[in-house]
A.B. asks: 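Before I ask anything, here is the structure I am working with.
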Amino acid sequence: MCGIVGYIGYRNAYDVIIKGLQRLEYRGYDSAGVVLFDGTQMQLCKTKGKVSDLQAKAAKEMNAVGTIGMGHTRWATHGVPNDVNSHPHYSNSGELAIIHNGIIENYEPLKKELINRGYVFKSDTDTEVLVNLIEDIQKTNQLKLGKAVQIALNQVVGAYAICVFDVKKPNEIIVARLGSPLAIGIGENEYFIASDASPFIEYTNNAIYLEDEEMAIVRLNKSMKIRKIKDDSLVVPYVQELQLNLEQIEKGGYDHFMLKEIHEQPAVIKDTYRGRLLSDKGIIKMAGVEDNLDKFTNAKRIVIVACGTSWHAGLVGEYLIEEFARIPVEVEYASEFRYRNPIINKDDVVIAISQSGETADTLAAIKLAKEKGAFVFGVCNVVGSSISRETHAGAYTHAGPEIGVASTKAFTTQITVLALIAFRLAKVKGTISQSDYLRNLLEMELIPSKIEEALKVDGHVIDIAAIYKDAPNCLYLGRGFNYPVAMEGALKLKEISYIHAEGYPAAEMKHGPIALIDEHMPVVVIAPKQNHYDKVVSNIQEIKARSGKIIAVVTKGDEQVRALADHVIEIPETTEALTPLLSTIPLQLLSYHIAVMRECNVDQPRNLAKSVTVE
Ligand code: F6R
C-alpha cells in the first residue's frame, strides 16, 4: 500500500513531491516523508500523520531546495506509524536513502545477519533492512549502486516498488518493482517516478510502467535502461501515452472525492457500456468475452474471486450469471481461495474483480487459478494494472480514477460489466427469452438517467442521516439481487463512519440478528417492488413489531412500505436484475452524510488504504 514519488530534473523537487504525495494519499496516510538533495547533502523530513503534517514540519525544519528528491506516504505494515518508522530511510553510513512500497517477508533473517555484521537499526521497518542490505553489498564488493540493488533484490522475498538514491551519485535514482506498481513519467530533461501516473499528469503524458522484476536507473541526460532483476537482460521500454487528465483526479467543486465519485456514476456507467451495448440492435459486444466465448459457454462452473466491495459486486454477478446464463457460479474471497487448496479444473472460468487491479490477495488467487489450468478473466478499473496484465483476457470498467477510499463508482461499473457478460452469455446459450433480453438491454441504457433521478433524494437522505448519525449499530437487509447491496451498504457505513453495521439477507434476520432489534436499532431495508416484495414487507412487519427504526429503499410510488416504515427513500423502477445499480445510490449517500456529520475523514478513513497490496 503506501505511495511513492521521486523526481529528478530542473524543477523544485519538494513542490513536485508534495503535490504528488497528496494525490497518492489514497494509498496510505498514516505517515509521510521526503528527502531532497540540496546540491551538497541530503535533507530529510518525516513525520507521523498526513502529507499536510509533513508540510507543516518541513516548513519549520527543512530548506526545501534541490531538483532531485523522493517522498513517501505510508500505510504501516512493519512497525507502528511514528516519525522513526516513516520513510525515507537512510542506510547506516547515511549515504543511501530509500522509499519502499511493499513488504520484505524475509527481513528478519536478513536483519539478524546485518546486525551480526555491525549494522544498527533505528526503526522497526523491513525497509531499513533493505537499504542496509544494499549498502552492505555495495561496500563489501565495491559495486555501483545499480548492481548492489540488483543483488540485494535477488536476495529478498516479498513485494516492492522502491526508489534508492546515493548521495555520491546525485544525478540518478534507482527504481525497481515486484508486486507493487511503479510508473516513470518522461518529460523534457526530467523524470518523475510514482506509484501511479497522477503525480505527474500535468507535466507529461508519456510514461513507462515497470513490469514485475524489472529495474531501471533513472539518470538525467542519459537514455533509460530497463533490466530484468533476475538475469540482467535488457528490456525494450514501452512508452505509453496516458489517457488520464487533471480534472479526473481533482475534486471538481465537491467537498470530497467520495461525493464526486457518487455523482459521477451516471457518466461512468455510460462509459462502461459505450461501444459494448447496442440496445436498439440487441447487440452486446465485448472483445474479451467474444474472443473467448467458447471458454465461457463450455465452462462447467464460473468462480468469481475478489475482496471487499469487489466481492460484493461478484455476488451480484453470481445472481446475474446464474439467473440468465444458467452457469453455476461460486464467489470466493480471494484471500480464502488462495490458501485453501481449492478444486479448480481446466474447464472452469475464473473471473477476478478488482478496482485497483493491484490487490495482493486477488492477484495471488489469479496466479493459483492459472497454475491449475483455469481460464482467468479480469474485471478491472485501472488500465495496465497488475491484475489486468496477469489475466488471460478481461474487460475494463472505465470508471476513471477512484480516489475516495470507499469504493462507489467502481462497484456500480463492475456490476454493469457483469450484467453485460451475463446477458451476452445468456443470449449465446439461449437461456434468456428475446423479450427479457431486449428489455434488460434497453433498461441498461436508461440506468444513467435513473441514477441521476436517484441522486435527487440527497436532501432527504441528509435529514435521515441527521437522525441516525449517533446510532452505534445499524442493520442492512435485502433479498435476491439486493442482498449483496445490503452488505455493500453496511460496509460503506462502517468503513467511513465507524458505526458497526451488518448486511444480511432479509430472511436470515430471524435466525439471529432479530435479537438485536429494539427501538434504538436503525434497519435499512431494500424493498423494491419486485419478486420478493411481499416477503420483504413481512420482514419489515417483523422489525416494526419489535420497535426497530425502519429506513426503506422503495420503488417510486410505493405506498405499502411507506405506511410501515419510519422513512422511505424512493428509487426509480427498473428490471429486477438491474436494481442494484439504483438501490445502492441512497446507501452510498447515507453513509457519506453520516460520516460527514460525525466529522470523520470521508476520503481517508482510519486504518484503510485504497490499494491493498499486502496480504
Ligand atoms: C471498500 C473498498 C474495499 C475494496 C477492496 C478490494 O469500499 O474499497 O473493500 O473493494 O479492498 O479492492 P480492489 O477492488 O481494488 O481489488
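Remember, it's 1-based here, ligands and their atoms both numbered in the order they're listed.
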A.B. asks: Enumerate the atoms of ligand 1 whose separation from the nearest heavy atom of Ser354 is less than 4.0 angstrom.
C.D. replies: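 The atoms of ligand 1 under 4.0 Å from a heavy atom of Ser354 are 13 (P), 14 (O), 15 (O), 16 (O).
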A.B. asks: Counting only heavy atoms, which portion of Lys492 has something under 4.0 Å from ligand 1: side chain, backbone, both, or neither?
C.D. replies: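 Side chain only.
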A.B. asks: If you count the atoms of ligand 1 from 1 in the order shown, which ones are under 4.0 Å from a heavy atom of Ala406?
C.D. replies: 7 (O)
A.B. asks: Can Arg74 be said to sit on top of Tyr29's aromatic six-ring, NZ or CZ under 6.0 Å from centre and within 45° of the ring axis?
C.D. replies: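 Not satisfied by the 6.0 Å and 45° rule.
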A.B. asks: Write out the residue and atom name of the closest protein heavy atom to atom 6 (C) of ligand 1, then the distance separating them to 0.1 Å.
C.D. replies: Cys307 O, 3.3 Å
A.B. asks: So, are Arg301 and Glu330 salt-bridged, with charged N and O less than 4.0 Å apart?
C.D. replies: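 Here Arg301 pairs with Glu330 in a salt bridge, since their nearest N and O are under 4.0 Å apart.
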A.B. asks: What are the atoms of ligand 1, with element, lying closer than 4.0 Å to any heavy atom of Ser310?
C.D. replies: 10 (O), 13 (P), 14 (O)
A.B. asks: Does any N/O atom on Thr362 come nearer than 3.5 Å to any N/O atom on ligand 1?
C.D. replies: no
A.B. asks: Looking only at protein heavy atoms, identify the closest one to atom 15 (O) of ligand 1 and say how far it is in Å.
C.D. replies: Ser356 OG, 2.6 Å
A.B. asks: Assess whether a salt bridge exists between Lys494 and Glu502, defined as any Lys/Arg side-chain N lying under 4.0 Å from an Asp/Glu carboxylate O.
C.D. replies: no
A.B. asks: Mark up the atoms of ligand 1 that fall under 4.0 Å of a heavy atom belonging to Gly308, in ascending order.
C.D. replies: 9 (O), 10 (O)
A.B. asks: Salt-bridged, Lys409 to Glu261, with N to O below 4.0 Å?
C.D. replies: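 Not counted as a salt bridge, because no side-chain N and carboxylate O are separated by less than 4.0 Å.
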A.B. asks: Considering both backbone and side-chain atoms of Glu495, is one of its nitrogen or oxygen atoms within less than 3.5 Å of a nitrogen or oxygen in ligand 1?
C.D. replies: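 Yes - when backbone and side-chain N and O of Glu495 are compared with those of ligand 1, one distance drops under 3.5 Å.
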A.B. asks: I'd like to know if the side chain of Asn381 and the backbone of Gln355 have a donor-acceptor N/O pair within less than 3.5 Å.
C.D. replies: no
A.B. asks: Is the shortest distance from a Lys or Arg side-chain nitrogen in Glu371 or Lys367 to a carboxylate oxygen in the other one below 4.0 Å?
C.D. replies: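 Salt bridge between Glu371 and Lys367, a charged N being under 4.0 Å from a carboxylate O: no.
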A.B. asks: Just to be sure I'm reading this right: ignoring hydrogens, which of Val382, Thr359, Thr309, Val305 gets closest to atom 13 (P) of ligand 1? Compare them by their nearest heavy atoms.
C.D. replies: Thr359
A.B. asks: Using a 4.0 Å heavy-atom cut-off, which part of Ile387 comes near ligand 1: side chain, backbone, both, or neither?
C.D. replies: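 The answer is neither; Ile387 stays 4.0 Å or more away.
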A.B. asks: What atoms of ligand 1 come within less than 4.0 Å of a heavy atom belonging to Val405?
C.D. replies: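 Contacts of ligand 1 toward Val405, numbered from 1: 7 (O), 8 (O).
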A.B. asks: Given Phe423, which of Ile321, Leu418, Ile284 fulfils the side chain to side chain contact (heavy atoms under 4.5 Å, CB included) condition?
C.D. replies: Ile284
A.B. asks: Using a strict cut-off of less than 4.0 Å between a Lys/Arg side-chain nitrogen and an Asp/Glu carboxylate oxygen, indicate whether Arg274 and Asp271 qualify as a salt bridge.
C.D. replies: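 Asp271 and Arg274: salt-bridged.
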A.B. asks: To the nearest 0.1 Å, how far is atom 11 (O) of ligand 1 from its closest protein heavy atom, and which atom is that?
C.D. replies: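 Here the nearest protein heavy atom works out to Val612 CG2, 3.8 Å.
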A.B. asks: Do Lys492 and Leu587 touch side chain to side chain, with heavy atoms closer than 4.5 Å?
C.D. replies: no
